[in-house]
Undergrad: 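Once you've had a glance at the structure underneath, I'll fire off some questions.
Quick note on labels: first sequence line is chain A, next is B, and so on, each numbered from 1.
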Number of protein chains: 2
Amino acid sequence: MTQIRKKRPPATPRHAAACAGPLDHLLDPALFKALADPTRASLIACIAKCSRGCSVGEVAECCNVDLSVVSRHLALLARAGVLEAQKQGRTVYYRVRYTDVCRSLRLLADALEECTPASAPKGGACHGKCC
Amino acid sequence: MTQIRKKRPPATPRHAAACAGPLDHLLDPALFKALADPTRASLIACIAKCSRGCSVGEVAECCNVDLSVVSRHLALLARAGVLEAQKQGRTVYYRVRYTDVCRSLRLLADALEECTPASAPKGGACHGKCC
DNA sequence: TCAATACTTGCATTGTGACGCAAATACGCA
DNA sequence: TGCGTATTTGCGTCACAATGCAAGTATTGA
């Protein structure tokens with residue numbers, strides 16, 4: 001038995017593109033697009049620091065954009081899985097999906113780490129985990 | 001001594017915006033903007049899975065966009081701290097900054113978790129760590 | 001020095017996203 | 001039912017980002 005367990009990384013980026021791995025779905029543009037806007041980032045930070053559900057109107061007071069803009073941003077963040085909405089009467093409370101977001105971030109970090117050359121002491125990474 | 005250690009989260013998003021915490025700089029739009037583009041995401045995945053530095057030309061073979069576009073994307077990712085560039089002769093090798101990127105992601109996850117209501121068994125989160 | 005390779009940069013086009021305002025909708029309450 | 005509050009949606013504007021092509025720069029080797 002020569003090299004059954006020992007798996008090497010793809011030789012070229014072209015090969016890498018062909019072999020699917022955890023990174024491919026963890027590196028999700030939809031999630032990061034949601035986090036990429038400065039206004040949205042501050043909205044998330046506000047809600048997160050409050051440790052509770054916040055109404056659209058409340059959140060709108062923490063930044064300088066129109067309430068309608070905040071409403072759209074929060075809806076987008078909910079669709080992206082960063083926030084969750086809960087309607088009570090006529091007000092909508094948005095809260096951070098702490099668990100889900102943290103898990104996504106950590107899984108991505110783990111997947112990236114699996115690809116690190118340093119993670120394989122001798123002769124390349126990718127023990128069949130990175131792709 | 002009544003309530004010196006016990007710190008409560010800000011009452012409203014407006015208050016939350018005023019008190020700076022780790023989240024504010026970890027939730028960095030520049031980083032996430034870099035990760036938000038589908039083309040860039042696939043470039044990162046390709047390079048990461050290769051576990052080595054890849055040239056611009058090599059990377060360009062793994063997606064359907066012009067070489068010049070790939071060149072620009074890689075330069076942008078390097079500026080954002082996701083990749084690092086190393087020039088050898090006339091070819092430029094880009095590799096993933098595994099350590100830095102993983103740390104950023106995990107620090108963000110940690111900071112978010114600090115704000116979770118569940119992280120404080122009794123009466124709210126924010127032990128002075130989230131803001 | 002000339003030519004080929006590897007990449008970068010200028011430029012025009014196109015598309016997408018953020019924003020504000022105004023109008024519309026959804027609820028709760030008198 | 002009618003009003004006020006809370007939020008969403010339609011629409012036009014503006015800015016920026018992605019893309020491809022062509023031209024430019026850098027570096028190696030003949």
Undergrad: Could you tell me how far apart R79(B) (CZ) and dT9(C) (C1') are, to the nearest whole angstrom?
TA: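 Taking atom C1' of dT9(C) as the reference, CZ of R79(B) is at 12 Å.
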Undergrad: Counting side-chain heavy atoms from C-beta on, which of dT9(D), dT19(D), dA18(D) comes nearest to L76(B)?
TA: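 Per side-chain heavy atoms of L76(B), the pick is dA18(D).
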Undergrad: Please walk me through it: do R106(B) and D110(A) pass salt bridge (charged side-chain N to carboxylate O under 4.0 Å, His left out)?
TA: CA-CA 9 Å; R106(B) 293 203 173 108; D110(A) 293 344; 2.7 Å; yes
Undergrad: Quick one: label V65(B) by what it contacts on the DNA or RNA (base, sugar-phosphate, nothing), any heavy atom closer than 4.0 Å.
TA: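 Sugar-phosphate, backbone atoms only, no base.
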Undergrad: Taking for each residue the nucleotide of DNA chain C with the nearest heavy atom, is it N64(A) or V56(B) whose nucleotide lies nearer the 5' end?
TA: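 Comparing both residues, the 5'-ward one is V56(B).
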Undergrad: When you measure from the side chain of S71(A), which nucleotide among dT8(D), dC7(C), dC21(D) comes out closest?
TA: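 From the listed options, dT8(D) comes nearest.
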Undergrad: Could you check if a side-chain atom of T39(B) sits within less than 4.5 angstrom of a side-chain atom of H73(B), using non-hydrogen atoms only?
TA: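 The answer is yes, as the side chains (C-beta and beyond) meet within the 4.5 Å cut-off.
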Undergrad: With a sphere of 6.0 Å drawn around CZ of R14(A), does it hold more than 12 non-hydrogen atoms of other residues, nucleotides or ligands?
TA: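 It does not: R14(A) CZ has 12 such atoms or fewer within range.
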Undergrad: Report yes if a side-chain nitrogen or oxygen of R72(B) is closer than 4.0 Å to either non-bridging phosphate oxygen (OP1 or OP2) of dG20(D); otherwise report no.
TA: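 Answer is no, no contact under 4.0 Å.
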Undergrad: If I take atom CG in residue L43(A) and atom P in nucleotide dT7(D), what distance separates them, rounded to the nearest angstrom?
TA: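 In whole Å, dT7(D) P and L43(A) CG are 13 Å from each other.
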Undergrad: Do any side-chain nitrogens or oxygens of K87(B) fall under 4.0 Å of OP1 or OP2 in dA26(D)?
TA: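 False: K87(B) side-chain N/O out of range (4.0 Å or more) of dA26(D) OP1/OP2.
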Undergrad: Regarding Y94(B), tell me which of base, sugar-phosphate or nothing describes its non-hydrogen contacts under 4.0 Å with the strands shown.
TA: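 Sugar-phosphate: the residue Y94(B), judged by heavy atoms under 4.0 Å, touches backbone atoms but no base.
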Undergrad: Quick one: label T39(A) by what it contacts on the DNA or RNA (base, sugar-phosphate, nothing), any heavy atom closer than 4.0 Å.
TA: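 Contact class for T39(A): sugar-phosphate only.
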Undergrad: Given atom CD of E61(B) and atom C1' of dT5(C), what is their separation to the nearest angstrom?
TA: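 Checked: the CD to C1' distance equals 14 Å.
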Undergrad: If I take atom OH in residue Y93(A) and atom P in nucleotide dC27(C), what distance separates them, rounded to the nearest angstrom?
TA: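 Atom OH in Y93(A) sits about 15 Å away from atom P in dC27(C).
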Undergrad: Is K49(A) reaching over with its side chain to a backbone N or O of L23(B), donor-acceptor style, under 3.5 angstrom?
TA: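 Not a single qualifying donor-acceptor pair exists.
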Undergrad: Starting at atom NZ of K33(A), determine the distance to atom C1' of dG17(C), rounded to an integer number of angstrom.
TA: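 The distance from NZ of K33(A) to C1' of dG17(C) comes to 10 Å, rounded to the nearest Å.
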Undergrad: Output the distance between atom CG (L112(B)) and atom CG (L27(B)), rounded to the nearest 0.5 Å.
TA: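 Going from the CG atom of L112(B) to the CG atom of L27(B) covers 7.0 Å.
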Undergrad: Would you indicate whether the side-chain heavy atoms of L76(B) and R40(B) approach each other to under 4.5 Å?
TA: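 Contact flag for R40(B)/L76(B) side chains = yes.
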Undergrad: Rounded to whole Å, how long is the line connecting atom CG of L77(A) with atom P of dA18(C)?
TA: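 From L77(A) CG to dA18(C) P: 10 Å.
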Undergrad: Does dC19(C) have its OP1 or OP2 closer than 4.0 Å to a side-chain nitrogen or oxygen of H73(A)?
TA: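 Checking H73(A) against dC19(C): at least one side-chain N or O falls below 4.0 Å of OP1 or OP2.
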Undergrad: Base of dC7(C), side chain of S55(B) - is there a donor-acceptor contact under 3.5 Å?
TA: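 No, the side chain and the base share no sub-3.5 Å donor-acceptor pair.
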Undergrad: Applying a 4.0 Å non-hydrogen cut-off, can you work out what T91(B) is touching in the nucleic acid: base, sugar-phosphate, or nothing?
TA: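 Counting heavy atoms under 4.0 Å across all strands, the contact made by T91(B) is with sugar-phosphate only.
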Undergrad: Any donor-acceptor pair under 3.5 Å joining the side chain of S68(B) to the base of dC7(C)?
TA: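 When only heavy-atom distances are counted, S68(B) does not reach the base of dC7(C) through any donor-acceptor pair under 3.5 Å.
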Undergrad: Specify the separation, in whole Å, of atom CG of L67(A) and atom P of dA6(D).
TA: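 Distance check: L67(A) CG to dA6(D) P gives 10 Å.
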Undergrad: If you only use heavy atoms from C-beta on, which nucleotide in dT19(D), dG20(C), dC7(C) is closest to the side chain of D37(B)?
TA: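 The nucleotide sitting nearest to the side chain is dT19(D).
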Undergrad: Using whole Å, what does the distance between atom C1' of nucleotide dG28(C) and atom CZ of R90(A) come to?
TA: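 That distance rounds to 5 Å.
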